[in-house]
Every structure is written in C-alpha cells, then in structure tokens.
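Please read the structure below before turning to the comments.
Every heavy atom of this structure was used, including side-chain atoms; hydrogens, water molecules and symmetry mates were not.
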Amino acid sequence: MKKQFTISALLLAAGVLFATTAPNVFAAQVTEERAKAIALDNAGVKETDIPYIKTEMDYEDGRQIYEVEFWTKENKKYEYEIKAEDGIILKIEYKWKQPVSAGNAQNGTGVTLDQAKESILAHTGQKAENVTYVKEKLDYEDNRQVYEVEFYTTNEKWYKYEIDVLSGSIVKWEYDAEKYAVWKEMNQSLEGVKTSALKMAGLSADNNVLWGEIEQDYEDGQLIYEGKFYYNAMEYEFEINADGVVIDWEVESIYD
C-alpha cells in the first residue's frame, strides 16, 4: 500500500481546531464575559459545546489579567491568560487527554518529524521561513512517544508543541506572546556565562566543547547560573553569578 501523509489528514486525525493567535485589541478594558468570549472564539469552540468553563481575575507583573479555563466534550483542555486592559491574548495552553494510540492503521509507523512540523505550521498559520526552531526532540509523555517541538517566529512569538508519533495528533501546545523577550535576554546572558566558564578553563569558543544543561538559580538572593561542559574527557562543573564571576568550580575526569 502506498504510504502517504498530508497536512489536512494529520489535522483531521488530530481533531485539531485551527487557532489564530493574533492578538485582539479593544479600546476599553474588557469585561469578564468579553474575556471568555475572546478565549472561546480563539479556540473555535462554542460555550454550548463545553461542559466546564471558569474565568478568574488575577494580577501578574503588576497588570490585571483574566484566566480562562475550559474543557470540551472531547476532553480537550484550554487555558488562556488575557490582558484586562485591551483583550490581548498573552498565553494559551492546550492539552488533549487522548487515549494512547495503538498505531497508524495504514502502516503502523506513524509520522516523521518533518510531517509533524508541517502539521504544526499549518496549525499556527506560520511559514517555514518565518520560524526558528530551538527544540526538536523525540521523547515519551504519558506513556506515548511524542515529538517535542519548540520555536519562535520573526514577529517574536513563542510556540511549543507535542505531537503523537503514531497518530500525528497534536496532544499539547502552548503559545506565549512574551516568552521570546525573556528567552532572548537569557540567551544573551548564557553567552556571557559560557565565555566566563571557558576563560576559567583556559579555553575558547574555537575549542570543541560539549555543553550540558545550564540552569538559573538563586543563592542568598543572588542570581547564579549552574552548569557543566565537557572537553578532552574532562568534566567542568561551575557556578557563575550574573556579573560573570565564577563562584564555584570543579574539574574531574569522566572516567573517575
């Protein structure tokens, strides 16, 4: 049997509703009912078709926001954060409590990463040339094999998706209107951290260094970066503060 996948087939299999995340702006502060309507309209869901919905007012980063949460009859969960000032959608989180797929009925192999990315682009309405991927990973989530794909766009929007490998379904996705700015600032900081760590080791960016994960933490109210890297069978572990000063340093052979 000929193997064939199309974007429309993937989206149909996923039961995915096309969601446009372009912000909606209103002249006056929106009401709770209006915030709920914005969320439902964005998700393409009618209130009469959902068994549960909750809307709450909250404050975040000194601004008033609405948190809208609802479930569909297909067991799909949506969570929205909407600015009360102008109705702009700040965040969207979607998760489908879909039963674990038993496999693709046609060939049992599922979809490739490229096919998963095609369905994601179709879902967001983005073009490939406007997207920069920061994560493309095969992983396991809730007893299923998934592709984890994270990217930002040329208009500085951030998306994160999980695609069921066997069915091609979108089982989880997130949109964040402001994460790009945070990521960019942190990424710039990480470059300075890496430079400080390499300098401490007597190395440079030209050396073939394998970086491990670098995480932010706070010690005694001070922001620090904890991480490690590997070079010539040696493991370098460090703590560096926000000013680029090395405050903890360990080096050992990976064979120890």
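Considering only residues two or more places apart in sequence or on other chains, Y52 meets the side chain to side chain contact (heavy atoms under 4.5 Å, CB included) condition with K54, E69, W71. Among residues two or more places apart in sequence or in another chain, the ring pair (Phe, Tyr, Trp, His ring centres under 6.0 Å) test is passed with Y133 by F151.
A distance-only check finds no donor-acceptor pair linking the side chain of Y175 to the backbone of K160 [under 3.5 Å]. Counting only distance, with no hydrogens or angles, the side chain of Y66 and the backbone of V30 share a donor-acceptor pair below 3.5 Å. No donor-acceptor distance shorter than 3.5 angstrom exists from the side chain of D164 to the backbone of G168, with no hydrogens or angles considered. A distance-only check finds a donor-acceptor pair linking the side chain of D176 to the backbone of E178 [under 3.5 Å]. With hydrogens and angles disregarded, a donor-acceptor distance shorter than 3.5 Å links the side chain of N207 to the backbone of S204. Checked by atom type and distance alone, the side chain of D86 pairs as donor or acceptor with a backbone atom of I88 at under 3.5 Å.
In the displayed structure, D217 atom CG is contacted under 6.0 Å by more than 12 heavy atoms of other residues, nucleotides or ligands.
Considering E215, E250, E235 as possible partners of K228, the one that fulfils the salt bridge (Lys or Arg N to Asp or Glu O under 4.0 Å) test is E235. Only one option out of E148, E174, K95 pairs with E162 in a side-chain contact (heavy atoms from CB on, under 4.5 Å); it is E148.
Hydrophobic clustering (side-chain heavy atoms under 4.5 Å, transitive across Ile, Leu, Val, Met, Phe, Trp, Tyr) groups L198 together with Y225. Grouping the Ile, Leu, Val, Met, Phe, Trp and Tyr side chains by contacts below 4.5 angstrom, directly or via other members, places W173 apart from V146. Both M200 and V251 sit in one connected hydrophobic cluster of ILVMFWY residues. Membership requires side-chain heavy atoms under 4.5 Å apart, directly or through other members. Grouping the Ile, Leu, Val, Met, Phe, Trp and Tyr side chains by contacts below 4.5 angstrom, directly or via other members, places W211 with W249. Grouping the Ile, Leu, Val, Met, Phe, Trp and Tyr side chains by contacts below 4.5 angstrom, directly or via other members, places V165 with L113.
For the residue pair T72 / E74, a side-chain donor-acceptor distance below 3.5 Å is found, with atom types taken as modelled. A donor-acceptor contact under 3.5 angstrom links the side chains of W158 and E150, judged on distance only. Side chains of T112 and D114: a donor-acceptor N/O pair is absent below 3.5 angstrom, by distance only. No donor-acceptor contact under 3.5 angstrom links the side chains of E226 and Q216, judged on distance only. A donor-acceptor pair shorter than 3.5 Å cannot be found between the side chains of E67 and Y80.
For the residue pair I65 and M57, the shortest heavy atom distance occurs at O-SD, 3.4 Å. Among all heavy-atom pairs drawn from A35 and I82, the shortest one is O-CD1, 3.3 Å. K73 approaches P51 most closely through the heavy-atom pair N-CD, 3.9 Å. Closest non-hydrogen pair, S196 versus G244, comes out as OG-O, 3.1 Å. Minimum interatomic distance between I247 and Q222 (heavy atoms only, all atoms of both residues): CD1-OE1, 4.5 Å.
Counting heavy atoms from C-beta on, the side chains of I163 and S119 come closer than 4.5 Å. Looking only at side-chain heavy atoms (C-beta outward), V134 and Y152 come within less than 4.5 Å of each other. When side chains are defined from C-beta on, N241 does not count as touching L223, because their heavy atoms never get closer than 4.5 Å. Residues V68 and I38 form no side-chain contact, since every pair of their non-hydrogen atoms from C-beta on lies 4.5 Å or further apart. The closest side-chain heavy-atom distance from Y147 to V111 is below 4.5 Å. Looking at heavy atoms from C-beta onward, I53 lies in side-chain contact with K36 at the 4.5 angstrom threshold. The side-chain heavy atoms of I89 and K83, taken from C-beta on, include no pair separated by under 4.5 Å. Contact check for T124 versus Y161: side-chain heavy atoms found under the 4.5 Å cut-off.
Between F229 and F238, the ring planes are tilted. Angles from 30° to 60° get that label.
Look at K137 and D139 and you find a salt bridge, because one of the NZ, NE, NH1 or NH2 atoms lies within 4.0 Å of a carboxylate O, short of that distance. Ionic pairing of E85 and R63 is not present here: no N-O contact between side-chain nitrogen and carboxylate oxygen is shorter than 4.0 angstrom. Look at K91 and E93 and you find no salt bridge, because none of the NZ, NE, NH1 or NH2 atoms lies under 4.0 Å from a carboxylate O.
By the 6.0 Å and 45° rule, K172 does not stack over the aromatic ring of W96.
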